[in-house]
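Positions are given from 1, in the same order as the sequence printed here.
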Amino acid sequence: MSGDIKLVLASVSPRRKELMELGGWQFKILPAGVDEDLLSTEKPQDYVLRMAENKARAVAKRISHSSLIIGADTTVVGPEGEILAKPQDEKEALDMLQRLRGRLHQVYTGVVVIQVNNGTIDHELCVTDVYMRSYTEAEMHQYIATGDPFDKAGGYAIQHQEFNPVERIKGCYANVVGLPVCTLAHLLEKQGVETPNQFPVDGYSIQPDQCPICKQLARSKM
């Protein structure tokens with residue numbers, strides 16, 4: 001890492017924490033605690049970038065030393081272009097899974113890096129195409145009963161080994177989990193921060209079998 005710059009992740013997501021660790025960065029975690037309501041007529045890409053920046057700014061206000069604040073926000077965009085947030089109850093989780101079943105949708109993640117010292121902001125957007133398999137009604141109900149869908153945008157986790165909802169993807173696997181590490185590495189390297197665990201930083205359409213970080217993630221039990 002360049003100089004004495006410290007990395008701060010503005011998120012308490014265990015998935016983003018593990019992804020950061022797989023990248024090999026040393027970092028601190030601080031919760032952002034921001035309002036995540038969607039604005040009327042807001043497009044998915046605008047929403048995730050706004051939320052990522054809001055999270056990073058909220059944490060940056062509490063930091064006085066030389067730091068890079070990382071904000072990220074992920075959302076699932078359904079087949080009709082609707083934003084699917086975290087389901088509030090079993091009925092909503094079931095509705096989301098039924099909408100996605102056997103169809104193509106997208107996962108958007110906005111990543112923002114703020115330099116506390118000078119206030120500069122850099123951001124990038126990562127989008128992955130996700131093709132869901134035709135899981136059964138019984139499989140949906142069993143998965144919902146585990147409680148796993150309720151803290152996941154779109155009501156599912158790609159890495160859930162028992163439900164295994166995704167047939168294939170076109171794009172970054174880590175993005176669907178919640179933090180595209182290649183995108184983050186690109187942003188950090190622009191700030192002079194090296195990536196300890198080397199993996200491609202110039203290709204944003206990476207399959208798990210092409211990226212060593214994503215291969216580790218695919219084998220993990222988050």
Side-chain angles (χ1 to χ4, degrees), residues 11-23 36 44 48 72-111 125-185 197 199-200 203-222:
S11 173
V12 293
S13 164
R15 293 168 292 282
R16 291 196 180 114
K17 175 178 179 291
E18 181 167 353
L19 283 162
M20 288 280 292
E21 290 170 345
L22 290 176
E36 299 189 25
V48 293
D73 191 73
T74 301
T75 197
V76 170
V77 181
E80 277 74 47
E82 70 278 23
I83 292 178
L84 301 178
K86 299 172 185 177
Q88 299 300 306
D89 52 36
E90 293 183 6
K91 182 177 182 299
E92 193 171 7
L94 182 62
D95 177 68
M96 288 183 184
L97 291 174
Q98 288 173 333
R99 287 195 213 183
L100 299 175
R101 178 171 52 182
R103 303 178 72 185
L104 165 67
H105 69 275
Q106 283 74 42
V107 174
Y108 285 66
T109 298
V111 183
L125 176 72
C126 185
V127 182
T128 300
D129 289 338
V130 181
Y131 299 81
M132 302 291 268
R133 69 179 181 87
S134 296
Y135 37 75
T136 66
E137 292 286 323
E139 287 177 307
M140 283 189 288
H141 286 288
Q142 286 179 335
Y143 177 55
I144 292 169
T146 68
D148 191 66
F150 301 114
D151 68 338
K152 311 291 192 304
Y156 75 91
I158 187 174
Q159 71 273 23
H160 196 279
Q161 296 179 353
E162 285 75 28
F163 185 39
N164 192 26
V166 176
E167 183 177 278
R168 60 190 173 93
I169 66 170
K170 182 179 179 181
C172 178
Y173 179 93
N175 178 47
V176 186
V177 179
L179 183 66
V181 286
C182 298
T183 301
L184 176 60
N197 295 342
F199 53 92
Y204 302 113
S205 295
I206 299 172
Q207 299 296 332
D209 62 348
Q210 297 173 311
C211 175
I213 297 298
C214 290
K215 282 197 288 187
Q216 292 180 56
L217 178 63
R219 293 194 297 266
S220 73
K221 297 181 179 180
M222 285 200 301

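Under the 3.5 Å distance criterion, the side-chain polar atoms of T128 are left unmatched by any main-chain donor or acceptor of G171. Side chain of Y143 to main chain of P165: no donor-acceptor pair is present (N/O by atom type, distance under 3.5 Å, no hydrogens or angles). When atom types are taken as modelled, the side chain of E92 and the backbone of E90 share no donor-acceptor pair closer than 3.5 angstrom.
Taking 4.5 Å as the limit, every side-chain heavy atom of C126 sits out of range of all side-chain heavy atoms of V111. Considering only heavy atoms from C-beta on, L94 comes within 4.5 Å of H141 through its side chain. Looking only at side-chain heavy atoms (C-beta outward), V130 and Q106 stay at 4.5 Å or farther from each other. In this structure, L22 and V181 have side chains that are not in contact, with every pair of non-hydrogen atoms separated by 4.5 Å or more. Under the 4.5 Å side-chain criterion, counting only non-hydrogen atoms from C-beta, I83 is not in contact with Y108. Proximity of T136 to Q142: side-chain heavy atoms (C-beta onward) are nowhere separated by under 4.5 Å. Side-chain contact between L100 and L84 is present, with heavy atoms from C-beta onward closer than 4.5 Å. Looking at heavy atoms from C-beta onward, V107 lies out of side-chain contact with I169 at the 4.5 angstrom threshold.
The residue from M96, K86, H105, E82 that alone fulfils the side-chain contact (heavy atoms from CB on, under 4.5 Å) condition with V76 is H105. The side-chain contact (heavy atoms from CB on, under 4.5 Å) test with T109 is passed by exactly one of V127, L125, N175, L184: N175.
Separating the OG atom in S13 from the CD atom in E18 is a distance of 10.0 Å, to the nearest 0.5 Å. Note that CD1 of I158 and OH of Y173 are 5.0 Å apart. Values are rounded to the nearest 0.5 Å.
The salt bridge (charged side-chain N to carboxylate O under 4.0 Å, His left out) check on R101 picks up E137, with sequence neighbours excluded.
Between D148 and A157, the closest heavy-atom pair is OD2-CB, 3.5 Å. For the residue pair P149 and A93, the shortest heavy atom distance occurs at CB-CB, 4.3 Å.
Here D95 pairs with R99 in a salt bridge; the nearest charged N to carboxylate O distance falls below 4.0 Å.
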message = Does K152 form a side chain to side chain contact (heavy atoms under 4.5 Å, CB included) with H160? I'd like the steps, not just the answer.
response = CA-CA 11 Å; K152 311 291 192 304; H160 196 279; over 6 Å; no

request  = Start with the C-alpha distance between R133 and F163, add both sets of side-chain angles, then the distance that settles side chain to side chain contact (heavy atoms under 4.5 Å, CB included), and finish with yes or no.
outcome  = CA-CA 10 Å; R133 69 179 181 87; F163 185 39; 4.1 Å; yes

request  = Show your reasoning for whether side chain to side chain contact (heavy atoms under 4.5 Å, CB included) applies to V166 and M132.
outcome  = CA-CA 4 Å; V166 176; M132 302 291 268; 3.8 Å; yes

